[in-house]
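Okay, so here's the structure we're looking at.
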Amino acid sequence: MRSGWLLRDGDVVCALEVADSTAERGALRGRPSCEGALHVDGARTVHTAGMKFSIDVAFLSTDLTVVRVARLKPWRVAVGGRSARSAVQTEAGSLERWGVRVGDQLEVRLVATGTNGAASGTA
């Protein structure tokens, strides 16, 4: 799992985890809550099977434009639509609090890590 920041118009929206493997796609499952967000590339649908809390999902196009926003209670499914190519998942209410809406252009800025795993700047 990589770390970084989710940005809109050059401003940081929240801390971000980026799923790098199939196993990491379900990183929110089993957690009691979520601070920040999880970006899952290739996600056109999201489910909350096994989740302990409700989530907000922003489905993103190839250029990271928000194409759909959904709120899911545990044990639900949301489909992003034909143009969805990834998803940002966060605790319910966060997207509204951060002002993230359909049509917003987002940016993922990864934090580069040194050889010992310590943060060493941005990528």
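Source: prediction; values computed, not measured. Side-chain atoms are counted along with the backbone in the values below, which use heavy atoms only and exclude waters and symmetry mates.
D104 and G99 get closest at one heavy-atom pair: OD2-O, 3.4 Å. Between L64 and S86, the shortest heavy-atom contact is CD2-OG, 4.0 Å.
Contact of the I55 side chain with the V46 side chain is registered, since non-hydrogen atoms from C-beta on lie closer than 4.5 Å. A 4.5 Å side-chain heavy-atom check between V100 and V13 finds at least one atom pair inside the cut-off.
Rounding to the nearest 0.5 angstrom, the gap separating the CG atom in L106 from the NE2 atom in H39 is 8.5 Å. Put simply, CG on L110 and CZ on R2 are 5.0 Å apart, with the number rounded to the nearest 0.5 Å. Taken from CG in D20 to CE in M1, the straight-line distance is 7.5 Å, to the nearest 0.5 Å. Rounding to the nearest 0.5 Å places CH2 of W98 at 7.5 Å from CG of L6.
Between D41 and R85 there is no salt bridge, since none of the side-chain N atoms of the basic residue sits less than 4.0 Å from a carboxylate O of the acidic one.
A side chain to side chain contact (heavy atoms under 4.5 Å, CB included) with Q105 is found for exactly one of L7, V66, D63, L60, namely D63.
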Return a table of donor-acceptor pairs under 3.5 angstrom between the side chains of residues 67-84 and protein atoms on other chains or two or more places apart.
residue	atom	partner	partner atom	Å
R68	NH1	V79	O	2.6
R71	NE	D56	OD1	2.8
R71	NH2	D56	OD1	3.4
R76	NH1	P74	O	3.3

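The closest donor-acceptor contact from the side chain of T90 to the backbone of S94 lies at 3.5 Å or more, if one exists at all.
Other residues, nucleotides and ligands contribute only 12 or fewer heavy atoms inside 6.0 Å of the CZ atom of R101.
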Using the rule given for side-chain contact (heavy atoms from CB on, under 4.5 Å), can you reason through W5 versus L16, listing the C-alpha separation, both sets of side-chain angles and the distance that settles it, and then say yes or no? CA-CA 5 Å; W5 303 101; L16 187 70; 5.6 Å; no

